[in-house]
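Before any comments, here is the structure.
Chain A is the first sequence line, chain B the second, and so forth, proteins listed ahead of strands; every chain is numbered from 1. Hydrogens, waters and symmetry mates play no part in the numbers below; they use all other heavy atoms, side chains included.
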Amino acid sequence: MIKLLKTKSTLPGFHIAFGYTIFYLGLIVLIPLSMLFAKTSTMGFGEFWSVVTHPRTLAALRLSFGASLIAGLINVVFGFLIAWVLARYRFPGKKIVDAFVDFPFALPTAVTGIALTALYSQNGWIGKHLYALGIESAYSPLGITLALIFIGLPFVVRTVEPVLQELDVELEDAAASLGANRWQTFTKVLFPNVVPALITGFTLAFARAIGEYGSVIFIAGNMPGKTEIAPLLIMTKLEQYDYSGAAAIAVVMLIVSFTLLSATNFLQWFFSKKIGMN
Amino acid sequence: MSIDVKQISKTFGTFKALDNIELKIATGELIALLGPSGSGKTTLLRIIAGLEKADHGEIYFHGKDVRTEETKDRNVGFVFQHYALFRHMTVFENIAFGLKVKPKAIRPSPEKIKAKVHELLKLVQLEWVADRYPSELSGGQRQRIALARALAIEPRVLLLDEPFGSLDAKVRKELRQWLRRFHDDLHITTLFVTHDQEEALEVADRVVVMNKGKIEQAGTPEEVYHNPASVFVLNFLGNVNLFHGRVEETKATKMYVRPHELTVSRNPISANSIKAKISFINPAGSVVKIDAQTSDGQLIQAEIAQEEYKSLKLKRNEEICLTPKNITYSEYDI
Amino acid sequence: MATRTENPWIRRTLIGIALLYLGLFIFLPLVVVFYTGLSKGLAVYFQSFSDPAALSAIRLTVLTALIAVPLNLVFGIAASWAIAKFDFWGKNLLTTLIDLPLSVSPVISGLIFILLFGAQGAFGPWLMDHGIKVIFAPPAIILATIFVTFPMVARELIPVMKAQGNEEEEAALTLGASGFQTFWRITLPNIKWGLLYGVILCNARAMGEFGAVSVVSGHIRGQTNTLPLHIEILYNEYNFTAAFAAASLLALLALVTLFLKSIVEYRYRAELKAAVRTENV
């Protein structure tokens with residue numbers, strides 16, 4: 001057994017480090033997470049199915065996945081642009097701007113939530129202009145998307161930026177020497193190299209957005225069937241002591257997001273293989 | 001201290017790194033483990049140090065089975081290929097490390113440690129770098145500090161993995177001779193791994209030629225060079241020409257001749273002489289290198305002394321005769 | 001050089017768009033926090049921190065981080081040692097499992113502890129019989145926080161330890177150092193910036209976690225509220241000034257985190273490249 005476990009190094013401490021890792025992982029992560037499935041399995045399939053296909057559940061899942069998808073796509077566009085600017089150009093204050101991109105990572109979600117609500121509500125600095133145009137930027141699916149854009153941006157920038165920095169400048173020189181103009185160099189040489197990183201960035205932002213709670217609930221409005229996200233529905237079920245209902249929705253969310261993550265992982269692997277990166 | 005390696009085998013996954021290795025090393029010997037990459041030489045060195053565990057076989061240090069001894073208890077000085085100097089410590093702290101980690105009861109006093117480190121720095125002729133960090137040293141200096149660090153624990157055996165591998169040609173040559181002299185002074189049993197045959201032949205008392213996890217031959221530099229036990233050894237220790245043909249008294253169909261073992265002349269001097277046309281001459285170097293082509297298109301390489309080259313007045317495209325002075329017969333391909 | 005860059009106008013436009021976007025989406029929310037918190041003057045701002053409920057929330061937040069971060073630090077060291085220095089079957093699976101909490105919704109992270117320790121949970125009745133309160137009490141808050149921040153030290157340390165390789169540790173062993181001496185004198189100094197980096201990120205998340213903590217807290221004022229939960233209560237009571245004042249404290253924490261992170265990041269990157277650099281000289 002021990003031989004099977006360890007094959008490489010004669011450094012000491014493997015058994016204690018490995019043992020503690022498994023113990024702590026089991027205690028903090030695996031046992032608690034398995035409770036979800038244990039709880040759901042006590043329900044019986046009929047009950048489970050009626051919970052997860054309830055119109056309110058479906059609406060919440062649709063909203064969560066839909067808003068996350070749109071936010072993710074917007075982040076891909078602007079995240080790429082920001083990563084490009086940070087990786088390629090020099091301008092005053094760049095270091096500060098670069099550090100600031102991580103701000104959504106660092107800011108607690110509750111603070112994000114109330115700050116965005118204050119900005120985009122009817123009396124807010126931005127909201128009052130949008131409402132004047134008839135755009136409801138708070139307590140609406142748009143508000144939810146805005147919050148998800150905020151929290152997802154760093155994921156895209158931080159995965160794309162290093163790839164852009166490490167791209168061999170000789171590639172561009174080579175393309176130019178072969179007669180390509182700047183736009184052709186960009187679309188045919190540079191961009192294809194960045195696609196895997198963009199997919200990773202999108203996946204990370206998307207996965208985070210699906211489960212996001214704190215930054216969304218303040219700006220969401222939380223109207224069942226309209227602006228109620230899936231995590232909030234779990235919260236509501238808990239407050240009604242409907243633990244199995246909460247677990248059932250949680251299981252569906254986990255399964256759907258893991259399926260999507262695996263799919264994008266596959267896509268990323270596929271594109272990397274195609275352009276010969278690892 | 002003597003080392004006895006008995007039937008050592010080691011497999012990584014499906015790759016057989018060492019296959020039933022037998023090797024006896026006498027006290028005070030300086031041994032070169034020579035072979036191409038993947039021949040298992042570094043693995044053997046690491047198994048002796050206890051950094052790798054063999055699947056089968058035994059290792060004896062001075063008659064004592066050390067299989068159950070951990071690396072830290074084996075008291076071997078190991079110099080790593082990339083030196084593995086501790087980056088966050090000064091040169092002094094690096095060399096003192098092995099003394100400072102000794103159990104309290106046998107740990108030397110700080111004054112003694114200090115004296116010992118300076119003695120070692122003097123030995124490697126680098127007394128002035130004590131307070132520098134490894135990143136502030138040149139490759140050759142790092143090499144010598146790594147050696148000093150290994151010597152600090154007064155090892156029973158010194159193991160060096162490609163000790164000159166990442167140095168430039170000139171420093172390599174200097175350090176080679178330095179290692180030879182150094183060994184002559186201290187007489188610690190020493191094994192070093194190399195893939196450079198010149199290095200092995202020049203420095204070692206005995207050369208162990210390895211290939212594909214097996215020992216092809218172990219012998220003095222003279223033995224392995226002049227009496228290679230296999231075609232692999234012959235080829236690995238220098239350039240060689242291959243001739244096909246049938247030799248009456250043996251079954252061998254192939255003959256191998258080293259470039260310097262060919263006599264170059266204008267006219268045939270024996271029945272073995274082969275006619276060929278000079279296609280290239282490189283006179284820059286201690287010997288003159290000549291490439292010649294036979295009428296059936298085979299390329300033959302020959303090396304002759306500068307004076308001979310001048311007296312023969314050879315030119316490109318001239319016809320010459322090549323006569324082997326020494327032939328190795330074999331029925332195998334290289 | 002001309003082949004490697006765009007004409008100045010395109011360049012300026014792109015920089016302009018990037019800065020405008022960051023300003024509008026990222027910077028403005030930060031401004032609005034401090035603006036609203038200070039909108040009724042400094043006296044009101046500071047008064048909101050002298051409220052006993054606010055003080056107790058700050059205390060619980062700090063306590064939670066003080067427990068969660070060291071535990072995850074110890075785990076991070078053990079996990080990265082096992083994963084980076086050794087080969088074993090199922091290593092990729094283990095790495096994936098360690099990262100798992102990052103892809104679980106915070107609400108689900110809280111829910112699982114309710115299912116474990118709540119009144120209807122697996123251990124709920126037993127805990128109740130013995131008079132131990134976990135859910136709606138600090139222990140659950142701390143547990144949920146540990147779960148949420150679980151991989152944050154490990155995932156910074158694993159790449160550093162991998163980059164460092166095993167040679168220096170092996171050298172220490174040949175020099176007679178014990179396993180503990182090797183770790184303490186060789187490994188730890190080589191990974192210290194990566195470790196600090198992980199701790200900074202872990203701490204920021206531990207102090208700021210909202211969703212998971214919200215599920216298990218019970219929102220008892222002065223007892224089971226952390227600072228983010230305290231902000232929510234104030235906000236829902238329309239006490240905006242106090243809510244934003246408390247929020248500004250967390251925003252400040254975020255800024256300090258960013259600042260420390262950028263300082264440490266530089267050295268952390270150096271650690272990641274260190275092994276490569278010494279080999280090439």
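- Proximity to chain C is limited to the side chain of Trp84(A), based on heavy atoms less than 4.5 angstrom apart.
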(request) Please test Leu25(A) against Leu94(C) for side chain to side chain contact (heavy atoms under 4.5 Å, CB included), starting from the C-alpha separation and ending with a verdict. (result) CA-CA 9 Å; Leu25(A) 177 73; Leu94(C) 182 62; 3.7 Å; yes

Distance-only donor-acceptor hits, side chain of residues 98-115 of chain A, under 3.5 Å, sequence neighbours excluded:
from	atom 1	to	atom 2	distance (Å)
Asp102(A)	OD1	Arg158(A)	NE	3.0
Asp102(A)	OD2	Arg158(A)	NE	3.3
Asp102(A)	OD2	Lys261(C)	NZ	2.4
Thr112(A)	OG1	Pro108(A)	O	3.3

Residues 238-247 of chain C, side-chain donor-acceptor partners within the protein, below 3.5 Å, at least two apart:
from	atom 1	to	atom 2	distance (Å)
Thr241(C)	OG1	Lys40(C)	NZ	3.4

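- Listed options Tyr235(C), Phe180(C), Phe113(C), Phe117(C) were ranked by heavy-atom pairs under 4.5 angstrom with chain A; first place goes to Tyr235(C).
- Checked against a 6.0 Å centroid threshold, the rings of Phe18(A) and Phe86(C) do not count as neighbours.
- Using cut-offs of 30° and 60° on the angle between ring planes, the pair Phe218(A) and Phe210(C) is tilted.
- Distance OG/Ser105(C) to CD/Glu212(A): 8.0 Å, rounded to 0.5 Å.
- Contacts of Glu169(C) classified as side chain to side chain donor-acceptor pair (under 3.5 Å), with partners at least two apart in sequence or in another chain: Lys85(C), Thr187(C).
- Residues Ser103(C) and Arg208(A) form no side-chain contact, since every pair of their non-hydrogen atoms from C-beta on lies 4.5 Å or further apart.
- Within a 6.0 Å radius of CZ in Phe91(A), other residues, nucleotides and ligands contribute more than 12 heavy atoms.
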(message) For Gln120(C) and Tyr241(A): C-alpha separation, side-chain torsions, deciding distance, then whether side chain to side chain contact (heavy atoms under 4.5 Å, CB included) applies.
(response) CA-CA 9 Å; Gln120(C) 308 175 22; Tyr241(A) 300 103; 4.2 Å; yes

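- Annotation: residues 147-157 of chain A contacts chain C through Ile149(A), Phe150(A), Leu153(A) [non-hydrogen atoms, separation under 4.5 Å].
- Here the side chains of Pro12(A) and Leu173(C) are in contact, with some heavy-atom distance below 4.5 Å.
- The shortest side-chain heavy-atom distance between Ile114(C) and Met35(A) does not fall under the 4.5 Å cut-off.
- Here Leu33(A) contributes atom CG and Ile108(C) contributes atom CD1; the two are 8.5 Å apart, rounded to the nearest 0.5 Å.
- Side chains of Leu11(A) and Phe183(C) form no contact here, defined as non-hydrogen atoms less than 4.5 Å apart.
- Rounded to the nearest 0.5 Å, atoms CZ (Phe14(A)) and CH2 (Trp81(C)) are 12.0 Å apart.
- No part of Leu86(A) comes within reach of chain C, as not one of its non-hydrogen atoms sits under 4.5 angstrom from that chain.
- Of the listed residues Asn72(C), Ile10(C), Leu229(C), the one with more heavy-atom pairs under 4.5 angstrom with chain A than any other is Asn72(C).
- Neither the backbone nor the side chain of Ala38(A) comes within contact range of chain C; no heavy atoms are under 4.5 Å apart.
- No part of Phe186(A) comes within reach of chain C, as not one of its non-hydrogen atoms sits under 4.5 angstrom from that chain.
- In this structure, CG on Leu14(C) lies 12.0 Å from CZ on Arg88(A), to the nearest 0.5 angstrom.
- Between chain A and the options Val33(C), Ile231(C), Leu28(C), the largest number of non-hydrogen pairs under 4.5 Å is found for Leu28(C).
- The choice from Tyr120(A), Trp183(A), Phe258(A), Trp125(A) that makes the most heavy-atom pairs within less than 4.5 Å of chain C is Trp125(A).
- Contact tally against chain C (heavy-atom pairs below 4.5 Å) for Leu36(A), Ile16(A), Val29(A): the top residue is Val29(A).
- Across Leu22(C), Thr257(C), Ile77(C), the residue that shares the most heavy-atom pairs under 4.5 angstrom with chain A is Leu22(C).
- Here Pro29(C) is the residue among Gly179(C), Pro29(C), Gly211(C) with the most heavy-atom pairs under 4.5 Å with chain A.
- For chain C, the nearby part of Leu30(A) is the side chain; its heavy atoms alone come within less than 4.5 Å.
- Rounding to the nearest 0.5 Å gives a distance of 10.5 Å between CD1 of Ile15(C) and CG of Leu81(A).
- Top candidate by heavy-atom pairs under 4.5 Å with chain A, chosen from Val74(C), Leu143(C), Leu116(C), Leu24(C), is Leu116(C).
- Contact annotation for Ile249(A): neither backbone nor side-chain heavy atoms come within less than 4.5 Å of a heavy atom of chain C.
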(message) Would Phe75(C) and Ile28(A) count as a side chain to side chain contact (heavy atoms under 4.5 Å, CB included) here? Give the steps.
(response) CA-CA 11 Å; Phe75(C) 165 73; Ile28(A) 301 292; over 6 Å; no

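- Counting only heavy atoms from C-beta outward, the side chains of Phe25(C) and Leu146(A) approach each other to under 4.5 Å.
- Between Tyr21(C) and Phe78(A), the ring planes are parallel. Angles under 30° get that label, and only those over 60° would be called perpendicular.
- With a 4.5 Å cut-off on non-hydrogen atoms, Phe23(A) does not touch chain C at all.
- Atom CD1 of Ile17(C) sits about 10.0 Å away from atom CD1 of Ile82(A), to the nearest 0.5 Å.
- Phe150(C) places a side-chain heavy atom less than 4.5 Å from the side chain of Tyr24(A).
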(message) Using side chain to side chain contact (heavy atoms under 4.5 Å, CB included), reason through Val85(A) and Arg11(C) one step at a time and then give a plain yes or no.
(response) CA-CA 8 Å; Val85(A) 166; Arg11(C) 201 165 64 218; over 6 Å; no

